[in-house]
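Scroll down for the structure; my scribbles are underneath it.
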Protein chains: 2
Amino acid sequence: MSVGDTEKSTSDRGRLDKRRAIVEAALRVFARVGYAQASLDMIAAEAGVAKPTIYNHLGSKENLFRHVMTETAARANGKTMEVLESFPGEADGLRPGLEDVAGKLVACYTDEQSQAVRRLLYAEAVRFPDLFDQVRASGPDQFIEALAGRLARLANAGHLRIEDPVRAANQFIALVYEELPTLSTFGSRPLDSRDAEKVAVAGVDTFLRAFGSSSGS
Amino acid sequence: MSVGDTEKSTSDRGRLDKRRAIVEAALRVFARVGYAQASLDMIAAEAGVAKPTIYNHLGSKENLFRHVMTETAARANGKTMEVLESFPGEADGLRPGLEDVAGKLVACYTDEQSQAVRRLLYAEAVRFPDLFDQVRASGPDQFIEALAGRLARLANAGHLRIEDPVRAANQFIALVYEELPTLSTFGSRPLDSRDAEKVAVAGVDTFLRAFGSSSGS
DNA sequence: GTGAAAATGAACTGGGGAGTTCAATTACCT
DNA sequence: AGGTAATTGAACTCCCCAGTTCATTTTCAC
C-alpha cells in the first residue's frame with residue numbers, strides 16, 4: 001500500500017532468472033541452518049521470491065535440495081578438475097609445481113560453496129544416500145582417477161617412485177588436505193588461508209619424501 | 001486389557017537402568033535417522049520406555065542428544081587412547097608395531113558407535129557448534145598430542161626423522177585413515193575390514209618411506 | 001505388608017512447516 | 001494496446017512432534 005515500506009515491492013517481478021535466484025538462495029539457507037531447519041519461507045524470502053514460485057520451478061523441498069546439491073557439486077568439481085591442467089609433467093620444477101597444484105586444490109576444497117555442499121552431503125548422507133553416491137561418483141572418484149593418471153605419467157618418466165598410482169593419489173590428497181576438515185570445524189568456521197597453505201606445502205614435502213626420486217627433492 | 005497383546009506389557013517396569021537403556025536407544029535412533037528426524041516416541045519405543053521417563057531422566061531432546069554424544073564420544077576416545085599403549089618404543093619391530101597400531105586405530109575409527117557419533121557431530125555441527133568443539137577438544141586433539149609425543153620419542157632415539165611431531169602425527173593419521181570416510185559413505189555404509197587393513201598398511205608404508213631412518217625399513 | 005518413589009500410557013497443547021489454492025497483479029511477446 | 005503466462009501474497013489445510021499433565025500401576029526399601 002504505502003510507498004517506501006519494503007525495498008523491492010514492485011520492481012523485479014517478471015520471470016527473469018528466478019530459478020537461479022532460488023537455487024542460489026537455497027544453497028545459502030541450507031548451508032546456514034541445515035536441511036531440516038531450512039523452511040521454504042526462509043528460502044523464498046532469501047531469494048526475493050514467493051513461495052509458490054519455488055514449487056512452480058522445482059516441485060518439492062527434497063527436489064530443490066537435490067538440484068542445489070548436484071548443480072553446486074558439479075560446478076565445484078569442474079573447478080577442481082581444471083586445477084589438474086597445471087599439473088607438472090616434467091621433473092623440472094616438480095616440487096614447486098606440486099606445491100602450486102596442492103595450493104590450488106586446497107583453495108577449491110576450502111571454497112565456501114564447496115565446503116557447504118560437502119558438509120550438507122555428509123550431514124544428510126543418512127536421508128539421501130543415493131545423492132551422496134551420485135555426487136561422489138561424478139566428482140571425487142573421477143578426480144582421483146585423473147590425478148592417478150598424472151602421477152603414473154610422472155612415475156613412468158622416472159620422476160617419482162610409485163607402485164600403485166590410485167593409492168598414491170589418495171594419499172596425496174590425504175596429505176594435502178590433512179586436518180583441514182577439523183581445522184575449519186568441517187566447514188562451519190572460517191579457515192586461515194596461511195594455515196591451509198602451510199598444510200599443503202608440508203603435505204607435498206612428505207609426499208616427495210616418500211615418492212620422490214633423487215631429482216625431485 | 002488382554003493378556004498376550006504386547007510382548008513386554010507387565011514385565012520390566014521398575015527403575016533399573018532405564019537411563020542407560022534410553023541413552024543407548026537414543027544413539028541407535030539418532031544414528032539411523034538423524035537428529036531432526038528422530039522423535040522422542042521413536043526413542044521411547046526403542047528403549048522400551050515411556051516418553052515421560054525420558055524427560056524425567058534427561059529433560060529435553062537437545063539435552064538427551066548432548067548426553068548421548070559426549071558419553072559415546074568419551075567411550076570411543078578412551079578406546080583410541082588405549083591403542084597408544086601398544087605403541088612401539090624401540091626400532092626393533094618398528095614397522096610391524098606401527099602396522100599393528102594403525103590397524104587398531106582403523107578398528108576404533110570404523111567402530112559402529114564411533115562412526116555414528118562422528119557422523120552425527122558433523123551433521124549437526126551447524127546446530128551444535130559448541131558440542132563439536134567440546135568433543136574434539138576432549139578427543140582427537142588430545143589424541144594427536146599423545147601420538148605426537150610417541151613419534152617424538154622415536155625421533156629422538158634416531159628411529160625416525162621427524163622435524164615437526166604434531167604435523168607428523170596429523171599426517172600419520174591422514175595416511176592411515178586415508179579415504180576411509182568416503183569408502184564407507186561417511187559411516188552410513190558397512191566397510192570391508194580387509195580393505196581397511198590394506199589402507200592402514202599402505203599408510204604405514206608411505207609414512208615410513210617419508211620419515212623412516214635406515215633401520216626401520 | 002506398607003508406603004514412597006518411579007514408571008506408565010494416554011490424552012492434550014502449542015507451534016511450526018510443507019504443500020496447495022486462488023484471485024489479483026505484473027511482465028513479456030506480437 | 002492486448003493477450004497470455006508467470007508471479008505474487010495471503011490464507012488455508014494437514015500433519016508431525018516436543019513437551020506436559022495426570023491418574024494408575026509397579027517396584028523397591030524397610
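In the text below, chain A, chain B and the rest are named by the order of the sequence lines, each starting its count at 1.
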Donor-acceptor under 3.5 Å (A:Arg118 side chain, A:Tyr109 main chain): yes

Nearest whole Å is fine: how far is D:dG9 P from A:Lys18 NZ? 9 Å

So do the side chains of A:Val68 and A:Leu64 get within less than 4.5 Å of each other, counting heavy atoms only? yes

Can you work out whether A:Pro52 or B:Ala50 has the more 5'-proximal nearest nucleotide on DNA chain C? B:Ala50

Salt bridge flag under 4.0 Å for residues B:Glu82 and B:Lys79: no

Rounded to whole Å, the CD1-P distance (A:Ile54 to C:dT21) equals 17 Å

If I take atom NE2 in residue B:His57 and atom P in nucleotide C:dA5, what distance separates them, rounded to the nearest angstrom? 15 Å

Should B:Arg194 and B:Glu197 count as an ion pair when the cut-off is N to O under 4.0 Å? no

Determine whether the aromatic ring centres of residues B:Phe30 and B:Tyr35 are separated by less than 6.0 angstrom. yes

Report the C-alpha distance between B:Glu145 and B:Val166 in whole Å, list the side-chain angles of each, state the deciding distance to 0.1 Å, and finish with yes or no for side chain to side chain contact (heavy atoms under 4.5 Å, CB included). CA-CA 7 Å; B:Glu145 283 300 320; B:Val166 172; 4.0 Å; yes

Residue-phosphate contact under 4.0 Å: B:Thr53 side-chain N/O, C:dA7 OP1/OP2: no

Nearest-Å distance for atom pair CZ/C1', residues B:Arg19 and C:dA7: 16 Å

Which ranges of DNA chain C pair up as stems, where a stem means three or more consecutive Watson-Crick or G-U pairs with both distances under 3.5 Å? C:1-30 with D:1-30

Decide if the gap between the ring center of B:Tyr122 and the ring center of B:Phe132 is smaller than 6.0 angstrom. yes

Tell me the interatomic distance from B:Asn56, atom CG, to D:dT20, atom C1', rounded to whole angstroms. 11 Å

For nucleotides 11-18 of chain C, print each protein N/O atom paired with a nucleotide N/O atom at under 3.5 Å, atom names and distance only.
{"unit_1": "C:dA18", "atom_1": "OP1", "unit_2": "A:Ala38", "atom_2": "O", "d": "3.0"}
{"unit_1": "C:dA18", "atom_1": "OP1", "unit_2": "A:Lys61", "atom_2": "NZ", "d": "3.0"}
{"unit_1": "C:dA18", "atom_1": "OP2", "unit_2": "A:Leu40", "atom_2": "N", "d": "2.9"}

Residues two or more places apart in sequence or in another chain: which of them pass side chain to side chain donor-acceptor pair (under 3.5 Å) with A:Arg75? A:Gln113

